[in-house]
Amino acid sequence: MDPGPFLRGVAWLDRGRVVRADPADTLRLPWDTGERATLPIGVRLEFAADPQVTAVEIGYRATVPGPTDALRDLAHGFALWNRAGLLTEVFTEPATEAVVRIPLPPGLGPYTVHPPEAQSPLVLGLRGIGGPLVPAPPAPRWVVHGDSITEGWWSTRPAHGWTAVAGRTLGWDTVNLGYAGAARGELAVAEQLASLPADVLTLAFGTNCWTRVPHSAPLLYETTRAFLELVRQGHPRTPLLLVSPVLRPDAERTPNRLGATLGALRDAMERAVGDRIAAGDDRLALLPGRDLLGPEHLEDGLHPNDAGHALLGLSVATALRRAGFTGG
């Protein structure tokens, strides 16, 4: 069967391949953003099946890592989930083209299959063994932009990243536009977000403005204001939650090359959001990130472990609900 109707988490398509930046507008993006946008982070298959269907077969093409590839040792697994949790995982070896068969426990759908993201799999087709598959019904479309934490770094599986956790909790179609090493308030990205269909938006950037590309607090304040203004030109009434940077112990009180600590940068972002809300944007909400995670939730002092991703995802889902952002 054509995989198109079953794919979720899709931002843009480039000659049939899911990408996470507008393929007609890549020249304005920083190199690192464009590179990360080629990975199908958060893209998955969602479907229902009659009880007689015993398995799903998925045909795909993937990149085979070379002997020095940093991603070579990552698990090449296809994970089957439903809203209640993980049902099973099937591990295979990376192959240029292959078919994987995943058993379906009957009566537990609708099902979600998370493919291995690191090898950039392109799904060619799928079929049910014992009967047809039906695409899962549409869900509210939640577009999330951020950095490596949003992309899911240090989560042990794609389904464990905080955006996947929150999307599952809310029953939404999560579109992950997290770019590791990037997400520094690039205004071209804001314009792309403005053009992308969304029922709810979340922004979660800022930590890479400490050292990756150092910002002063006044610069990040104005960058946040400009970013929000451009997004609002395409989404004037779309519910929007901004999550300020989560805890980063080495940066909280350490000045960067422009004299700004992460604490000061976080305050600048939060003031920019507060000022816009005070000016009348009643579809904008803020979730302060400083106290959402503790040091025990950080795998490497920056990125959350699985427990941290789970806590962050549930915190964001709770904040969206409290703000009345239902996706309806």
Side-chain angles (χ1 to χ4, degrees), residues 9-15 17-43 117 120 141-153 163 174-245 256-258 260 265-266 268-273 275-276 281 283-284 286:
V10 176
W12 291 272
L13 292 173
D14 184 12
R15 291 168 289 185
R17 184 178 291 275
V18 177
V19 293
R20 298 185 303 120
D22 185 350
D25 188 34
T26 57
L27 293 181
R28 295 194 305 146
L29 299 178
W31 176 85
D32 50 8
T33 303
E35 180 187 46
R36 302 308 299 180
T38 63
L39 292 175
I41 305 297
V43 178
E117 297 170 342
S120 302
R141 183 175 163 89
W142 179 39
V143 175
V144 189
H145 168 61
D147 48 39
S148 56
I149 297 173
T150 296
E151 195 178 89
W153 276 39
T163 60
T174 304
V175 179
N176 188 320
L177 300 185
Y179 308 124
R184 301 167 294 255
E186 291 86 355
L187 299 186
V189 172
E191 291 182 308
Q192 292 194 10
L193 289 172
S195 70
L196 197 62
D199 297 305
V200 183
L201 292 157
T202 294
L203 307 177
F205 65 90
T207 194
N208 287 331
C209 298
W210 178 62
T211 56
R212 183 80 174 184
V213 175
H215 286 54
S216 66
L219 175 59
L220 189 54
Y221 174 86
E222 294 298 339
T223 297
T224 304
R225 284 174 58 91
F227 199 98
L228 289 170
E229 175 61 30
L230 289 173
V231 171
R232 277 293 185 231
Q233 290 179 14
H235 293 282
R237 297 292 296 165
T238 302
L240 193 161
L241 174 71
L242 186 140
V243 184
S244 63
N256 65 10
R257 295 182 66 181
L258 293 178
L265 294 175
R266 184 184 296 112
M269 292 189 74
E270 293 176 358
R271 283 191 293 106
V273 175
D275 288 350
R276 187 173 181 97
D281 191 340
R283 303 292 280 172
L284 175 64
L286 170 69

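Leu196 places a side-chain heavy atom less than 4.5 Å from the side chain of Arg141. Two residues are said to be in side-chain contact when any heavy atoms from C-beta on lie closer than 4.5 Å; Glu191 and Asp25 fail this criterion. Considering only heavy atoms from C-beta on, Arg276 stays 4.5 Å or farther from Arg225 through its side chain. Proximity of Gln192 to Leu177: side-chain heavy atoms (C-beta onward) are nowhere separated by under 4.5 Å. At a threshold of 4.5 Å between non-hydrogen side-chain atoms, the residues Asp281 and Leu240 do not count as touching. With a 4.5 Å cut-off on side-chain heavy atoms, Thr238 and Val143 do not count as touching. With a 4.5 Å cut-off on side-chain heavy atoms, Leu29 and Tyr179 do not count as touching.
To the nearest 0.5 Å, atoms NE2 (His235) and CG (Asp199) are separated by 9.5 Å. Between the CG atom of Leu228 and the CG atom of Leu193 there is a distance of 10.5 Å, given to the nearest 0.5 Å. Taking CG of Leu265 as the start and CH2 of Trp210 as the end, the distance is 10.0 Å to the nearest 0.5 Å. Considering CG of Asp147 and CG of Asp32, their distance stands at 11.5 Å, rounded to 0.5 Å.
Scanning both residues, Gly178 and Glu151, for their nearest heavy atoms gives O-OE2, 3.0 Å. A pairwise comparison of heavy atoms in Ala217 and Ala260 identifies N-CB, 4.0 Å as the closest pair. In this structure, Ser216 and Leu258 approach most closely via the heavy-atom pair N-CD1, 3.6 Å. Annotation for Met269 and Pro245: closest pair SD-CD, 3.8 Å, computed over non-hydrogen atoms. Taking both residues in full, the closest heavy atoms of Leu220 and Cys209 are given as CD1-SG, 3.8 Å, listed atom of the first, atom of the second, then distance. Residue Ala183 comes nearest to Gly146 through the heavy atom pair CB-O, 3.1 Å, listed as atom of the first residue, atom of the second, then distance.
In terms of the ring pair (Phe, Tyr, Trp, His ring centres under 6.0 Å) criterion, Trp12 has no residue partners (sequence neighbours excluded). For the salt bridge (charged side-chain N to carboxylate O under 4.0 Å, His left out) test, residues two or more places apart in sequence or in another chain that qualify with Arg237 are Asp282. For Glu270, the side-chain contact (heavy atoms from CB on, under 4.5 Å) partners are Ser244, Arg266, Asp267, Leu286, Pro288, not counting sequence neighbours. Remark: Glu186 engages Arg184 in a salt bridge (charged side-chain N to carboxylate O under 4.0 Å, His left out) (not counting sequence neighbours). In this view, Val43 and Leu7, Val18, Pro40 satisfy the side-chain contact (heavy atoms from CB on, under 4.5 Å) rule, not counting sequence neighbours. In this structure, Asp14 has no salt bridge (charged side-chain N to carboxylate O under 4.0 Å, His left out) partners at least two apart in sequence or on a different chain.
By the 30° and 60° cut-offs, the orientation of the rings of Phe227 relative to His145 is parallel.
Between the side chain of Asn208 and the backbone N or O of Ala182 there is at least one donor-acceptor pair closer than 3.5 Å. Distance alone, capped at 3.5 Å, places no donor-acceptor pair between the Asn256 side chain and the Thr211 backbone. Asn176 places no side-chain N or O within 3.5 Å of a backbone atom of Gly9 that could act as its donor or acceptor partner.
When Leu242, Leu241, Leu203 are each tested for a side chain to side chain contact (heavy atoms under 4.5 Å, CB included) with Val273, only one passes: Leu242.
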